Amino acid sequence: MTMLCRHCETPLQQTFLDLGYAPPSNAYLVAEDLNAPELSYPLRLKVCDTCRLVQTEDFARADELFTSDYAYFSSTSSGWLAHAARYAEKITQMLNLGPDSFVIEVASNDGYLLKNFVASGIPCLGIEPTASTAQAARELDVPVEEEFFGEAFASSLPSADLIIGNNVYAHVPDLNDFTKGLYKALKPDGVITLEFPHLMRLVEFCQFDTVYHEHFSYLSLLTVERVFNACGLRVFNVEELATHGGSLRIYGCRADSAWEEHQSVDDMRQAEADQGLDTDKYYQGFQARANKAKDSFVAFLLDAKARGKTVAGYGAAAKGNTLMNYAGVKPDLLPFIADAASAKIGKFMPGSHIPILAPEALRSSRPDYLIIFPWNIAAEVRSQCADLAALGTQFVTVIPDLTISK
């Protein structure tokens, strides 16, 4: 049976990327799980010929992916905390937010962002479906509703001056229902800001490891404008961000709002048109580039093993899970991965079953090579591991090309 586009219901004919089968990227295992069957799903992306939405095939449900023990905590990265603080200061000034305002963040995670509004005395509410991160937010005095966001739930919320969605728009299975929810919860002249990895940068830098089941959509301004327009919204400003390998922050409002469109919107429309995002050709050939990067990664690990070199990983991130499961890497080639998140330490990577250890394990093992899987924070990791570099450890990143540095 042919799948229909999640936005416009066009039958999906084109395959953009096929990464085989993999378990959900954040379904970390405990020791007693290792001898039990492990659920895997096809990990394939289709592209819509009509609206150009790149999307995963329908296999996994959101409630199977974002469970109560979901292990991604935004506050683990100091760089991301700083990014959030800068945004909070900027948007507070732009919208003149104060004690009479109301801010909603959808997918508020552990309170990494809303704590800035709490500290400024600006009323706010986090919407977060996973219990573990919601509880962490409450410990920071951030009010949270444990729900999945959509039109029906949005109808029960007070109208907001600002609705924030950082790295959630790509994660929602029903893009139309979510976007209608944004409209419903927004004041007539309110503002929506959404941040999401930019499909144009994913293609440019061969970021196939950002593909996982939790990411239902891979977004461009081209597609987001089409979704917004269908739901009574419009985009009036766009900013390019360095986060997550290249993201967009779009500013949206109701279609009849007074917010004037910035030149940045037309500039980004033109940039995407110049790259051909509305043509079939743009989406062809990406599979071969992903295969080449995967093959280089495996060749590096095999060569290191043959030469008697030791290898470890840093960052038990979803990116690493996608890469290792597609490459078929197991503990014989990569004995462990270090991670600073306490929720992951002592667990095992899904699919590969590679153990996750505390960063202290790197100091005792002193690996010859340290593979940084969350390449978007590679500079931060290198800084944290400068003592290892002084002892001879070399750092490795795989995307877009395998790179070894001191």
Side-chain angles (χ1 to χ4, degrees), residues 1-22 25 41-60 169-171 173 175 196-227 238 240 244-248 250 267-299 318-319 321-328 375-376 397-403:
M1 182 176 177
T2 302
M3 177 180 163
L4 302 182
C5 173
R6 290 196 180 96
H7 169 55
C8 69
E9 299 189 341
T10 298
L12 297 178
Q13 307 294 341
Q14 279 197 72
T15 297
F16 174 65
L17 182 66
D18 187 344
L19 297 178
Y21 283 73
S25 59
Y41 302 92
L43 187 51
R44 287 192 288 268
L45 298 185
K46 298 283 191 177
V47 58
C48 178
D49 297 333
T50 301
C51 71
R52 300 300 178 182
L53 176 62
V54 175
Q55 55 205 285
T56 55
E57 284 190 333
D58 279 328
F59 290 103
Y169 207 38
H171 288 71
L175 203 58
F196 50 83
H198 192 188
L199 174 67
M200 192 168 78
R201 301 305 174 203
L202 182 152
V203 173
E204 180 181 0
F205 297 112
C206 196
Q207 297 164 351
F208 74 93
D209 61 340
T210 62
V211 172
Y212 27 95
H213 300 104
E214 291 93 331
H215 277 182
F216 289 92
S217 302
Y218 299 80
L219 300 163
S220 58
L221 177 62
L222 172 77
T223 296
V224 169
E225 284 205 289
R226 287 170 173 168
V227 177
V238 180
E240 289 191 87
H244 298 286
S247 297
L248 294 183
I250 62 107
D267 290 346
M268 183 52 65
R269 289 185 192 123
Q270 189 60 52
E272 292 187 346
D274 290 345
Q275 290 297 311
L277 266 74
D278 208 9
T279 66
D280 288 345
K281 183 179 179 181
Y282 183 80
Y283 302 91
Q284 298 163 358
F286 190 70
Q287 182 77 50
R289 295 174 61 202
N291 290 346
K292 181 180 178 182
K294 178 260 295 181
D295 292 346
S296 296
F297 174 52
V298 174
K319 293 180 178 66
N321 282 325
T322 293
L323 176 60
M324 283 183 290
N325 284 316
Y326 185 43
W375 39 258
N376 51 302
T397 52
V398 180
I399 305 297
D401 301 298
L402 193 128
T403 303

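Everything quoted here is computed from the prediction, not taken from an experiment.
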Task: Nearest heavy atoms of Ala22 and Leu43, plus distance in Å - done: CB-CD2, 4.4 Å
Task: By salt bridge (charged side-chain N to carboxylate O under 4.0 Å, His left out) - contacts of Lys319 (at least two apart) - done: none
Open item on the list: When you compare the side chain of Trp375 with that of Thr210, does any pair of heavy atoms fall below 4.5 Å?
Closed with: yes
Task: Set of salt bridge (charged side-chain N to carboxylate O under 4.0 Å, His left out) partners for Arg226, sequence neighbours left out - done: Asp278
- [ ] Compare every heavy atom of His213 with every heavy atom of Pro42, then report the nearest pair and how far apart it is.
- [x] O-NE2, 3.2 Å
TODO: Flag the pair Tyr212 / Asn321 as yes when at least one side-chain heavy-atom distance between them is below 4.5 Å, and no otherwise.
DONE: no
Task: Exam field: side chain Arg201 to backbone His244, donor-acceptor pair closer than 3.5 Å - done: no
TODO: Could you grab the distance from atom CG of Asp209 to atom CG of Leu19, nearest 0.5 Å is fine?
DONE: 9.5 Å
Task: Minimum heavy-atom distance Arg52-Asp280, with the two atoms named - done: NH1-OD1, 2.9 Å
TODO: Looking only at non-hydrogen atoms, find the nearest pair between Phe205 and Pro400 and report the distance.
DONE: O-CB, 3.0 Å
Task: Distance (rounded to the nearest 0.5 Å) between Thr397 OG1 and Leu402 CG - done: 7.0 Å
TODO: Check whether any side-chain N or O of Glu272 sits under 3.5 Å from a backbone N or O of Ser220 as a donor-acceptor pair, and report yes or no.
DONE: no
Task: Inter-residue atom distance Tyr326.OH - Leu17.CG, 0.5 Å rounding - done: 7.0 Å
TODO: Could you give me the CA-CA distance, side-chain angles and deciding distance for Gln55 and Leu12, then say whether side-chain contact (heavy atoms from CB on, under 4.5 Å) is met?
DONE: CA-CA 10 Å; Gln55 55 205 285; Leu12 297 178; 3.7 Å; yes
- [ ] Measure the acute angle between the ring planes of His215 and His171, then classify it against the limits of 30° and 60° as parallel, tilted or perpendicular.
- [x] perpendicular
Open item on the list: Working to the nearest 0.5 angstrom, can you tell me the gap between Cys51 SG and Arg6 CZ?
Closed with: 11.5 Å
Open item on the list: Test side-chain hydrogen bond (donor to acceptor under 3.5 Å, both in side chains) on Tyr283 and Asp49; report intermediate values, then the result.
Closed with: CA-CA 10 Å; Tyr283 302 91; Asp49 297 333; over 6 Å; no
Open item on the list: His198 vs Met268, test: side-chain contact (heavy atoms from CB on, under 4.5 Å). Steps then yes/no.
Closed with: CA-CA 11 Å; His198 192 188; Met268 183 52 65; 3.6 Å; yes
- [ ] With side-chain contact (heavy atoms from CB on, under 4.5 Å) as the test, would you mind laying out the steps for Asn325 and Tyr21 before giving the verdict?
- [x] CA-CA 8 Å; Asn325 284 316; Tyr21 283 73; over 6 Å; no
Task: Note, Lys46 side chain near Thr15 side chain (heavy atom, < 4.5 Å) - done: yes
Task: Side-chain donor or acceptor of Thr322 paired with backbone N/O of Val211 under 3.5 Å - done: yes
- [ ] Under the side-chain contact (heavy atoms from CB on, under 4.5 Å) rule, what do Phe297 and Leu323 come out as? Steps first, then yes or no, please.
- [x] CA-CA 9 Å; Phe297 174 52; Leu323 176 60; 3.8 Å; yes
Task: Crowding at CD, Glu9 (>12 non-hydrogen neighbours, <6.0 Å) - done: no
- [ ] To the nearest 0.5 Å, tell me how far Phe16 CZ sits from Arg44 CZ.
- [x] 15.0 Å
Task: Identified side chain to side chain contact (heavy atoms under 4.5 Å, CB included) partner of Leu199 from the options Leu219, Val54, Leu248 - done: Val54
Task: Qualifying residue for side chain to side chain contact (heavy atoms under 4.5 Å, CB included) with Cys8, from Leu53, Thr50, Thr223 - done: Thr50
Task: Backbone of Met200 reached by a side-chain donor or acceptor of Gln275 within 3.5 Å - done: no
TODO: Answer whether the closest heavy-atom distance between the side chains of Thr56 and Leu45 falls below 4.5 Å.
DONE: yes
Task: Cys206 versus Phe286, closest heavy-atom pair with distance - done: CA-CE1, 3.8 Å
Task: Taking every non-hydrogen atom, the tightest pair across Asp18 and Gln287 - done: N-OE1, 2.7 Å
Open item on the list: Is any side-chain heavy atom of Arg289 closer than 4.5 Å to one of Phe208?
Closed with: no
